[in-house]
There are 2 protein chains.
Amino acid sequence: MKSSAEQAAIEKRLKAAGVRPTAQRIALARFLLNGADHPTAEDVKKWADENFPKMSLATVYNTLALLVRAKLIKEVKLPHTSRVIYDDRVSAHYHFLDEKSGKIYDVDPSEVEVKPRLKKNASVRGVEVLLRGRWG
Amino acid sequence: MKSSAEQAAIEKRLKAAGVRPTAQRIALARFLLNGADHPTAEDVKKWADENFPKMSLATVYNTLALLVRAKLIKEVKLPHTSRVIYDDRVSAHYHFLDEKSGKIYDVDPSEVEVKPRLKKNASVRGVEVLLRGRWG
DNA sequence: ATCATATATAGAATAGTTCTAAATTTAGAA
DNA sequence: TTCTAAATTTAGAACTATTCTATATATGAT
Ligand SMILES: [Mn+2]
Ligand SMILES: [Mn+2]
Ligand SMILES: [Zn+2]
Ligand SMILES: [Zn+2]
């Protein structure tokens with residue numbers, strides 16, 4: 001995608017989500033919504049240091065929180081690390097942790113059948129699944 | 001269970017697991033293996049302050065790590081909190097988070113059918129499931 | 001241009017946990 | 001019984017990820 005057209009598309013998405021498209025937000029949204037793969041805040045800051053110098057860490061965190069509130073990205077907390085990861089796939093899905101590489105892969109809910117049959121009469125409102133193993 | 005008999009049983013379990021049964025370890029193991037319900041380190045420290053005064057926070061963390069290595073308890077990291085919880089159920093199982101009370105309930109693997117059918121040819125070595133909803 | 005508000009920034013503060021170095025306790029050996 | 005070496009406990013410092021605070025800067029409507 002051509003860079004300027006991509007930028008315009010991102011601006012549109014930000015506005016549609018009620019987020020004012022400042023230079024910092026556009027830059028981060030481009031990274032997060034195109035190409036970033038489950039980055040941590042640190043990953044995002046590292047990208048910013050290389051591609052949008054002088055952006056503060058506070059702005060990285062502020063913008064991540066803003067994009068989460070706007071439902072353009074999702075926060076994901078996984079058990080193998082204490083860092084939050086950010087996910088541009090906002091619909092419900094599961095994750096696969098490759099234990100060799102540490103990489104996270106998305107798994108469509110249709111690829112894992114999950115059927116709770118609890119003894120207890122509980123109402124299940126959500127299911128989170130993490131698969132671990134070797135992806136390749 | 002009578003207190004002294006309970007203490008003797010705990011000492012036996014510690015020894016069998018290769019853990020020297022010091023006073024601090026016996027006290028914490030009694031709490032963790034009988035009666036504690038998915039406590040955080042802070043919960044354990046609070047119990048110690050009331051039942052074994054002068055125990056340091058370092059000893060709480062040291063002992064938790066030791067009991068985990070000895071496979072008498074398990075560390076569990078769940079997404080709704082940044083605190084680790086400790087679980088005296090060491091066999092594989094799932095968890096249910098009651099969103100009203102914040103309480104964690106154990107779910108036997110037999111109560112949730114999980115069948116990964118990944119497109120990708122990956123080897124699944126473990127599955128973690130968190131159910132969220134109302135338990136009662 | 002002015003002004004009010006929104007955004008960005010640097011650095012302090014916080015939470016949970018781990019590390020460090022010193023003090024105490026313990027189990028054997030003498 | 002000491003003695004001694006190793007294990008354990010301890011207080012507090014350090015650390016990591018994140019959030020908060022206060023100030024500066026930018027925006028954009030009048
Ligand atoms: Mn994408
Ligand atoms: Mn129990
Ligand atoms: Zn994902
Ligand atoms: Zn459990």
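Computed from a predicted model, the values in this text were never measured in an experiment. Numbered from 1 within each chain, the chains take letters A, B, ... in sequence-line order.
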Indicate the atoms forming the closest heavy-atom contact of B:Pro79 with A:Lys77, along with that distance.
O-CD, 3.2 Å
What is the distance from CG of B:Asp49 to C1' of D:dA11, rounded to the nearest Å?
14 Å
Return the value, rounded to whole Å, for the distance between atom NZ of B:Lys45 and atom P of C:dT18.
16 Å
In whole angstroms, the gap separating P of C:dT26 from NZ of B:Lys15 amounts to 14 Å
Roughly, in whole Å, what's the span from CD1 in A:Ile85 to C1' in D:dT16?
18 Å
In B/S/- notation, 5' to 3', how is nucleotides 2-15 of chain C contacted by protein heavy atoms closer than 4.0 Å?
----SSSBB-----
With sequence neighbours left out, the residues meeting ring-ring contact (aromatic ring centres under 6.0 Å, His included) with B:Tyr86 are none
Restricting to ring-ring contact (aromatic ring centres under 6.0 Å, His included), what partner residues turn up for A:Phe52, sequence neighbours left out?
none
What pairs of donor and acceptor atoms, side-chain ones from residues 54-72 of chain B against any protein atom, are under 3.5 angstrom apart with sequence neighbours left out?
{"unit_1": "B:Ser56", "atom_1": "OG", "unit_2": "B:Ala58", "atom_2": "N", "d": "3.4"}
{"unit_1": "B:Ser56", "atom_1": "OG", "unit_2": "B:Thr59", "atom_2": "N", "d": "3.1"}
{"unit_1": "B:Ser56", "atom_1": "OG", "unit_2": "B:Thr59", "atom_2": "OG1", "d": "3.1"}
{"unit_1": "B:Asn62", "atom_1": "ND2", "unit_2": "B:Ala58", "atom_2": "O", "d": "3.3"}
{"unit_1": "B:Thr63", "atom_1": "OG1", "unit_2": "B:Thr59", "atom_2": "O", "d": "2.7"}

Distance-only donor-acceptor pairs under 3.5 Å for side chains of residues 123-136 of chain A, two or more places apart:
{"unit_1": "A:Glu128", "atom_1": "OE2", "unit_2": "B:Arg132", "atom_2": "NH1", "d": "2.4"}
{"unit_1": "A:Arg132", "atom_1": "NE", "unit_2": "A:Glu99", "atom_2": "OE2", "d": "3.2"}
{"unit_1": "A:Arg132", "atom_1": "NH1", "unit_2": "B:Glu128", "atom_2": "OE2", "d": "2.4"}
{"unit_1": "A:Arg134", "atom_1": "NH1", "unit_2": "A:Asp98", "atom_2": "OD2", "d": "3.2"}

Roughly, in whole Å, what's the span from OH in B:Tyr61 to P in D:dT16?
16 Å
Counterpart residues, side chain to side chain contact (heavy atoms under 4.5 Å, CB included), relative to A:Asp87 (two or more places apart)
A:His38, A:Lys74, A:Val76, A:Arg89, A:His93, A:His95, A:Asp106
If pairing means Watson-Crick or G-U wobble with both distances under 3.5 Å, then the partner of C:dA4 is D:dT27
